[in-house]
Structures are given as structure tokens and as C-alpha cells.
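A short write-up of the structure that comes next.
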Protein chains: 2
Amino acid sequence: MREPLPADMFDELCPSSLNPIRFGDKWAGLVIRCLEGGPRRFSELRVPLSRVTPKVLTRSLRSLERDGLIKRTVYAEATPHVEYELTPTGRSMLEPMAIACTWAEQHWDEMLDARESYDNAASLDQAG
Amino acid sequence: MREPLPADMFDELCPSSLNPIRFGDKWAGLVIRCLEGGPRRFSELRVPLSRVTPKVLTRSLRSLERDGLIKRTVYAEATPHVEYELTPTGRSMLEPMAIACTWAEQHWDEMLDARESYDNAASLDQAG
DNA sequence: CTGTATCCACACTGATACTG
DNA sequence: CAGTATCAGTGTGGATACAG
């Protein structure tokens, strides 16, 4: 046990952008979950993502589109609108993400407690 | 199908820092995987994480310690050293992370392809 | 050995206002 | 309706040097 860690352990596997537990930008996870139930229009996404400004939401959507995780379709009709939907690749991400969500929900409380303890200890260090 | 998305869908579940697929900072995932095999010293971690400056690695380690995912132990001996190891909470994260890693490995190529297509299309738009 | 200090660059986010 | 433009704040990461 405790063999040395190879220096190139993650060189190929993990370019800096491929930390798999740190996928996408701040809102990517929520965007994907919002599209879980089927195609959504931009204005529909803005409801659950009301804290996200349109500029930021647009960028997040474009980034996911760029990576082939969602498909953007423009309907140039009398009342023009745009629909976003998960691609098969994007849909394949739902399961690992749900697992990560479950983990986060189960451990969120203890992480908050740990933070509080850590911060309190730091305060005491400063004081004393 | 296609019911409206509730506006408060993620208010409680996902404060901005609790996007579960975007855990920790840039290097958190790799740090955790480096600790999978047991306790490691700071200098040992620096080998596989050679691209990370000590300042950034320290910050990442402190952040994980703050959240109770790793434990930091100082040995104040003749040759002082520090060991980091996963807590039970930290270890519980290995499985969801491994699943996310598997997904990323399986879909990394197609995501790169999608990016290339997307960028090429954008270039053509500019040109023509 | 295990970090800190300093300076810098830039990406990300956000608020507000505006447009085809 | 579906975005863009602009400006600004902040954090996050990186290079380099230094310290207990």
C-alpha cells in the first residue's frame, strides 16, 4: 500500500478542463436538469433560472451547445422562438449527475457543519 | 409532458455553490483522487499535480479540509511534515466521482468533435 | 519540507440598458 | 421573444520569489 503517485497520472486523462466533477460553468448543471423533461424555450428557462441574467444564461447555453450536450433550434415563424433540448450525449449525463446530486444532498449538512467548525477554529487562532 | 418548470425548483437545493457537478475548485477532483490510495504528504501531492503552484495547491487543500473532505495532520518532528488524507465523507465522494470520470472518458472525444464542428461553423458564419 | 508573499492576467459573473 | 452591449466587481489561477 501507498505506492508512489506517477507524475503523469492525469496528464492525458485530465486536461485542466476535464475535471469531471467540475463540469461546465456555474449554471450548466441546473440548465441540464431544466431540460430533463423535454425541450424548453429561452423564456421558459429564465423562470427557474431567474437569478441568472440573460447574458450569462445565453453563454451557458451556447457553451453546452458547443460541446454537443444540447441542441438549439430556431423557429423563424410569425412569433419567432428558440428551443433548447438535450442531445443523446447530454441526456447520457443525467445519470452521473443525479448520482452526484444525491451525494451532495446527503452530505451537504455535514459539509456546512465542517465549514463552521473550521471557520470558528480559525477565528480562535486569530484571537488567541 | 412538458409541465412548466417551477420558479423555485432549485432555490433550496442548489445555492450557487451547490451545483453538484461543479464541486470544488479547479483541482479538487484530482486532489481527491490522489488521496484515494491513502495519506500523502504535501511534497508527494506536488508530483502528480506538478502543474499546480504551491499556493494554489495549498488553497485547494485548505478548502477541502474546510469542507471536511480531507484531514490535515502536522507532524512536528525533527523532519517536520504534513499529511493529508480523506475523511469518511471525502471517501464517500469517490464513487460518484468515479462515475462522472467514466462518463467523461466515454464522451470526451465526441465533445471535442462537437466543439470543433461548432467552432468551424462559427468561422464560416464570420467569413460568409 | 511546507508552505506564504506579491504581483499579474483573465475569465466568470452580475447589473443595467438596449435591440432585431 | 431572444437575445446583445457595456461596464464593472470579484475570484481564480499562474509566475516568481521568499520564509519558518
Side-chain angles (χ1 to χ4, degrees), chain A residues 4-5 10 14-19 21-31 34-35 39-67 70-85 122 125-126, chain B residues 4-5 10 14-19 21-31 34-35 39-67 70-85 122 125-126:
Chain A
L5 294 166
F10 303 111
C14 279
S16 61
S17 59
L18 184 57
N19 178 346
I21 207 68
R22 191 181 161 74
F23 177 84
D25 63 14
K26 183 175 179 179
W27 304 104
L30 298 185
V31 168
C34 285
L35 292 173
R40 300 289 173 184
R41 296 174 61 169
F42 187 78
S43 52
E44 288 178 300
L45 293 172
R46 290 212 64 195
V47 177
L49 297 166
S50 58
R51 288 173 301 174
V52 193
T53 62
K55 186 189 77 169
V56 175
L57 179 56
T58 297
R59 187 179 51 200
S60 190
L61 287 164
R62 292 286 150 81
S63 175
L64 290 168
E65 183 197 2
R66 180 173 180 252
D67 285 352
I70 65 178
K71 188 162 83 76
R72 177 176 179 267
T73 309
V74 180
Y75 296 92
E77 303 169 353
T79 57
H81 66 274
V82 179
E83 267 189 358
Y84 295 93
E85 63 186 313
D125 282 354
Q126 279 192 338
Chain B
L5 294 165
F10 303 111
C14 277
S16 61
S17 59
L18 182 56
N19 180 345
I21 207 67
R22 191 181 160 73
F23 179 84
D25 63 16
K26 183 174 179 178
W27 304 105
L30 297 182
V31 168
C34 286
L35 292 173
R40 301 287 173 185
R41 294 173 61 168
F42 187 78
S43 52
E44 288 177 296
L45 293 173
R46 290 214 63 196
V47 176
L49 297 167
S50 58
R51 289 173 301 173
V52 193
T53 61
K55 186 190 75 169
V56 174
L57 178 56
T58 297
R59 188 178 51 198
S60 189
L61 287 163
R62 292 287 150 81
S63 174
L64 290 168
E65 183 198 3
R66 179 173 181 252
D67 284 352
I70 65 178
K71 187 161 82 80
R72 177 174 178 268
T73 309
V74 181
Y75 296 92
E77 302 168 351
T79 56
H81 65 275
V82 178
E83 266 189 358
Y84 295 94
E85 62 185 314
D125 282 352
Q126 278 190 339

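We name chains A, B, ... by the order of the sequence lines, and we start the count at 1 in each one.
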Options C:dT13, D:dA2, C:dC1, nucleotide nearest the side-chain atoms of A:Arg72: D:dA2

Sugar-phosphate, base or nothing in reach of B:Tyr84, heavy atoms under 4.0 Å: sugar-phosphate

Residue-phosphate contact under 4.0 Å: A:Thr58 side-chain N/O, D:dG3 OP1/OP2: no

Candidate nucleotides D:dG3, D:dG13, C:dG14, ranked by approach to the side chain of A:Lys26 - the nearest: C:dG14

Proximal nucleotide (of C:dG3, D:dA15, C:dC12) relative to the B:Lys55 side chain: D:dA15

Side-chain N or O of B:Arg41 closer than 4.0 Å to phosphate OP1/OP2 of C:dT2: yes

Nucleotide of C:dT16, C:dG3, C:dC1 approaching B:Ser43 most closely (side-chain heavy atoms): C:dC1

A:His81, nearest nucleotide to its side chain (from D:dG13, C:dT13, D:dC1): D:dC1

Proximity to the side chain of A:Phe42 - top-ranked nucleotide from D:dG3, C:dT2, C:dT13: D:dG3

First of B:Pro54 and A:Val56 reached from the 5' end of DNA chain C, by closest nucleotide: B:Pro54

Touch class at under 4.0 angstrom, heavy-atom based, for A:Arg46 against every strand present: nothing

Closest heavy-atom pair and its distance - B:Ala28, B:Phe23: CB-O, 4.3 Å

Below 4.0 Å: OP1/OP2 of C:dT2 and any side-chain N or O of B:Arg62: no

Presence of A:Arg22 side-chain N/O under 4.0 Å of D:dT12 phosphate oxygens OP1/OP2: no

Under 4.0 angstrom between B:Arg51 side-chain N/O and D:dG14 OP1 or OP2: no

Phosphate OP1/OP2 of D:dC1 contacted by A:Thr79 side-chain N/O (<4.0 Å): no

